[in-house]
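This report concerns only the one structure given below.
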Protein chains: 2
Amino acid sequence: MQKSLRSAEYHRLIGLLVAARHKAGIRQQALAKKLGKPQSFVAKYEGGERRLDVIEFVTIASALGADPVKLIRQFVRTKGQTKST
Amino acid sequence: MQKSLRSAEYHRLIGLLVAARHKAGIRQQALAKKLGKPQSFVAKYEGGERRLDVIEFVTIASALGADPVKLIRQFVRTKGQTKST
DNA sequence: TTCGGATTATCCCAAAAAAGGATATTTCTT
DNA sequence: AAGAAATATCCTTTTTTGGGATAATCCGAA
């Protein structure tokens with residue numbers, strides 16, 4: 001098992017959350033507040049400087065109004081198929 | 001956002017992985033080997049002493065022959081409904 | 001019950017990662 | 001270009017992790 005953080009996969013995963021935030025039109029500040037965390041927390045995980053565990057992921061996705069399960073499914077589905085059709 | 005580790009939720013989540021391992025009849029040792037990690041790694045996350053990030057969770061579930069998405073869905077579904085109907 | 005092996009949990013502690021306020025940098029809007 | 005808004009980085013103190021070694025627990029057999 002490779003390290004999760006700093007991997008291309010991890011970036012894809014986080015990208016989903018970033019996209020969700022943009023889609024929701026929410027700022028890091030606002031999201032951070034919802035989560036009861038400093039803005040740097042959001043900046044860090046979005047920047048791939050801090051990893052998110054499953055619960056955090058679910059919590060954040062929910063805070064963004066996104067469906068955590070769908071995001072994970074999307075992530076899993078596109079796993080390892082960088083090439084193929 | 002509360003700390004994920006040591007939370008009741010986290011235990012439920014991990015419980016899903018432990019159950020999957022038992023169901024698969026795989027030992028910590030064997031799983032660890034598949035993951036390229038020492039047995040203590042498995043013992044620790046199962047014991048709630050180390051957290052798992054999303055990718056690790058997916059990797060482990062897959063190694064156990066379980067569907068990561070289903071596990072997450074199951075987790076999310078039973079979230080916060082300790083009481084109600 | 002006692003023995004032995006299998007399985008899982010805990011120790012240790014150096015190394016790595018995280019917290020989070022403060023500050024710097026980048027980006028937008030006008 | 002200026003000012004504000006948004007995001008990224010710094011810095012220092014805590015907290016967490018890695019993983020081999022060892023301890024504790026479990027379990028079936030005799």
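The chains referred to below are lettered A, B, ... by the order of the sequence lines, with proteins before strands, and numbering in each begins at 1. Please read all numbers here as calculations on a predicted model, not as lab measurements.
Between Q39(B) and R51(B), the residue anchored closer to the 5' end of DNA chain D is R51(B), taking for each the nucleotide with the nearest heavy atom.
Distance from the side chain of A43(A) is smallest for dA8(D) among the nucleotides dA8(D), dA16(C), dG20(C).
Between R50(A) and dA17(C), a side-chain N or O to OP1/OP2 separation shorter than 4.0 Å is absent. Contact check, R27(A) against dA6(D): a side-chain N or O comes under 4.0 Å of OP1 or OP2. Taking side-chain N and O atoms only, Q28(A) has a distance below 4.0 Å to OP1 or OP2 of dA8(D). In this model, the phosphate group of dT7(D) is approached by a side-chain N or O of R21(A) to a distance below 4.0 Å at OP1 or OP2.
Straight-line distance from the CG atom of D53(B) to the P atom of dT17(D): 10 Å, rounded to whole Å. Nucleotide dA8(D) holds its P atom 13 Å from the CD atom of Q29(A), rounded to whole Å. The NZ atom of K37(A) sits 11 Å away from the P atom of dA18(C) (whole-angstrom rounding). One atom, CD of E56(A), and another, P of dT16(D), lie 12 Å apart when rounded to the nearest Å. Rounded to an integer number of Å, the gap from Q2(A) CD to dG18(D) P is 14 Å. Atom CZ in F41(B) sits about 14 Å away from atom P in dA9(C), given to the nearest Å. Between the P atom of dA19(C) and the NZ atom of K3(B) lies a distance of 8 Å, rounded to the nearest Å. Going from atom CG of L31(A) over to atom P of dT7(D) covers 10 Å, rounded to whole Å.
Side chains of R12(A) and T78(A): a donor on one and an acceptor on the other come within 3.5 Å. Between the side chains of Q28(A) and Q39(A), at least one donor-acceptor pair of N or O atoms lies under 3.5 Å.
Taking a cutoff of 4.0 Å between a charged side-chain nitrogen and a carboxylate oxygen, R50(A) and E56(A) qualify as a salt bridge.
Using a 4.0 Å heavy-atom cutoff across all strands shown, E49(A) reaches sugar-phosphate atoms only and no base atom.
With contacts defined as side-chain heavy-atom distances shorter than 4.5 Å, the pair I60(B)/K34(B) does not qualify.
Put simply, the side chain of K44(A) and the base of dG20(C) share a donor and an acceptor less than 3.5 Å apart.
Each of R73(A), Q74(A), R77(A) was evaluated against V69(B); a single residue qualifies, R73(A), per the side chain to side chain contact (heavy atoms under 4.5 Å, CB included) test.
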